[in-house]
Amino acid sequence: MKRTAPGFFVVLLVFAGCAASGGSPPASEDPSAPPGSSAPDPSTPPSDDGGSGGDIEHPTGSEAIIAVTSAGGMLPVHMQATQTPLFVLTGDGRVIVPGMQTLEFPGPILPVLLERTLTEEGIQLVLAALEETNLFVGDLENRVMQSMIADASDTIFTVDAGGRTSVVTVFALSMLPPDMEPPPGADPAELEAYQVLSRLNDRLTTLETWLPEDAWETDTWQPYQPEALRLYVRDVTDEPIDQDLPGQEVAWPTEEDPAAFGEELPAWGDGTRCSVVEGDAGATWLAALSEANQNTVWTSGDRRYAIQVRPLLPHEPRTCEPAAVSSGTLAPPARG
């Protein structure tokens, strides 16, 4: 289902870098604005008219309007497979973001995700912030930082609005400090776009600092409760037990044979198998995993298994497809 609207001539998808929690501070002028024009200040909310004189078309169900993800870099394959999106806004107004993660080990096996819901007016303000960047429509790769930084991740924003889907991939987003010299030989237009995208990413991850209170349908952030989980299961029976940190042992909570669980991922090279659980099985697993930690060992008969978990968000397919790997890097999910 879609909301129809007059038009959305700028649609944007941003990739947040693996260290995108900071980002470049707002500038007094937007370098992407044409010479002589007055650029919007990224530190202030967009105007209430939605930026284009009317509502911007977008999905209205569980589909993602905006999804910001991270890929690549030096993370091992299993960590890339289990990392969650950096920001998601769904058609029904739900904003889902990572919550506070502790540095303790073993920590909870389930990643912390938070959820809060925007009104339609709030959705329009967020979409207007994208439109007000004055960037181009369509897919884009920005790699202006590759001459300065090696092995950083890509930040990918996928945006479905205004009747089209756009994907913008940015390498090492928000990793250029304001007092650092720009990359030698950098294309000025590409550098300007990088800076604008860094500021936009900062705004998306701090919505509560600039959206008015009446833009929110709910008052506070709440824990996100997934309806489906992607489980990665590996037989560790023959691996030595760490005597200093042996891990709690918990019985496999469902009836299926873990040795035949889901499908093996040959590219991982360690026998890991993957399957998605939902419905009654998903509820059983969610309850068991809520009591587990990263060092929990799951037992079945005389076999022992390690599990890694990836909660699935409302817009994500209930498959293990994103776990496919190529040359050590996760392959992106197919776009339909």
Side-chain angles (χ1 to χ4, degrees), residues 1-5 8 11-16 20-21 45-46 50 55-70 82-101 110-131 155-162 165-167 200-230 276-279 282-283 286 290 309-319 322 333 335-336:
M1 239 182 119
K2 299 259 188 186
R3 277 183 67 92
T4 56
F8 181 49
V11 179
L12 179 64
L13 183 61
V14 190
F15 249 148
S21 60
D55 287 351
I56 296 169
E57 175 189 5
H58 65 80
T60 58
S62 61
E63 307 98 318
I65 304 174
I66 306 169
V68 184
T69 55
S70 180
T82 54
Q83 65 182 350
T84 57
L86 305 170
F87 175 93
V88 170
L89 170 61
T90 61
D92 53 10
R94 286 180 287 176
V95 177
I96 303 171
V97 297
M100 185 70 68
Q101 311 291 328
L110 286 169
V112 180
L113 293 170
L114 300 177
E115 176 180 2
R116 193 176 177 187
T117 304
L118 289 170
T119 63
E120 176 58 29
E121 290 73 17
I123 293 174
Q124 291 298 323
L125 288 173
V126 174
L127 291 177
L130 300 187
E131 187 174 14
T155 298
I156 305 162
F157 269 56
T158 305
V159 174
D160 182 1
T165 299
S166 295
V167 176
L200 177 60
N201 181 65
D202 290 344
R203 298 192 70 191
L204 289 177
T205 55
T206 57
L207 293 181
E208 67 279 0
T209 66
W210 59 272
L211 285 179
E213 283 299 317
D214 59 6
W216 296 98
E217 188 172 298
T218 53
D219 294 333
T220 60
W221 294 92
Q222 299 293 329
Y224 170 69
Q225 298 295 323
E227 295 182 356
L229 302 164
R230 187 185 300 137
V276 171
V277 294
E278 54 186 330
L286 184 60
S290 297
V309 188
R310 169 62 155 81
L312 293 177
L313 276 62
H315 69 290
E316 293 181 314
R318 273 38 177 173
T319 69
R335 295 176 60 199

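Below, each value reflects all heavy atoms present in this structure, side chains not excepted, and no hydrogens, waters or symmetry copies.
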### Task
Indicate the atoms forming the closest heavy-atom contact of Ile123 with Gly91, along with that distance.
CD1-O, 4.0 Å
### Task
Tell me, please, which residues at least two apart from Glu121 pass salt bridge (charged side-chain N to carboxylate O under 4.0 Å, His left out).
none
### Task
Find the distance between CD1 (Ile96) and OG1 (Thr90) and round it off to the nearest 0.5 Å.
6.0 Å
### Task
Please identify each residue that fulfils side chain to side chain contact (heavy atoms under 4.5 Å, CB included) with Glu217, with sequence neighbours left out.
Thr117, Thr119
### Message
Once rounded to the nearest 0.5 Å, what's the spacing between atom CG of Leu204 and atom CG of Leu89?
### Response
9.0 Å
### Task
Please examine the side chains of Leu130 and Ile56, heavy atoms only from C-beta on, and report whether any two atoms are closer than 4.5 Å.
no
### Query
Considering the options Val68, Thr69, Ile66, which one meets the side chain to side chain contact (heavy atoms under 4.5 Å, CB included) requirement together with Pro85?
Thr69
### Query
Are the side chain of Arg310 and the backbone of Gln83 linked by a donor-acceptor contact shorter than 3.5 Å?
yes
### Query
Taking atom CZ of Arg203 and atom OG1 of Thr209, what is their separation to the nearest 0.5 Å?
8.0 Å
### Query
Can you tell if the side chain of Pro111 reaches within under 4.5 Å of the side chain of Pro311, non-hydrogen atoms only?
yes
### Summary
Those residues at least two apart in sequence (or on a different chain) that pass side chain to side chain contact (heavy atoms under 4.5 Å, CB included) with Ala228 are Val276, Glu278, Leu312, Arg318
#### Entry: Candidates Glu115, Arg94, His315 - the one meeting side chain to side chain contact (heavy atoms under 4.5 Å, CB included) with Val88
His315
### Query
If we only count heavy atoms from C-beta on, is the Gln124 to His58 side-chain gap below 4.5 Å?
yes
### Query
Can you tell me how far CG of Leu125 sits from CH2 of Trp210, rounded to the nearest 0.5 angstrom?
6.5 Å
### Smallest separation among heavy atoms of Asp160 and Ala64, with atom names
CB-O, 3.7 Å
### Message
Quick check on side chain to side chain contact (heavy atoms under 4.5 Å, CB included): which of Thr206, Val95, Val126 does Leu211 satisfy it with?
### Response
Val126
### Query
Hey, what do you get for CD (Glu213) to CD (Glu208), rounding to the nearest 0.5 Å?
9.5 Å
### Message
Are Tyr224 and Leu114 packed together at the side-chain level, in the sense that at least one heavy-atom pair is separated by less than 4.5 angstrom?
### Response
no
### Query
So, do Leu110 and Leu286 sit near enough that their side-chain heavy atoms are less than 4.5 Å apart?
yes
### Query
Does the side chain of Asn201 come within less than 4.5 Å of Phe87's, by heavy atoms?
no
### Query
In Å, rounded to the nearest 0.5 Å, how long is the span from CD of Gln222 to CG of Leu113?
13.5 Å
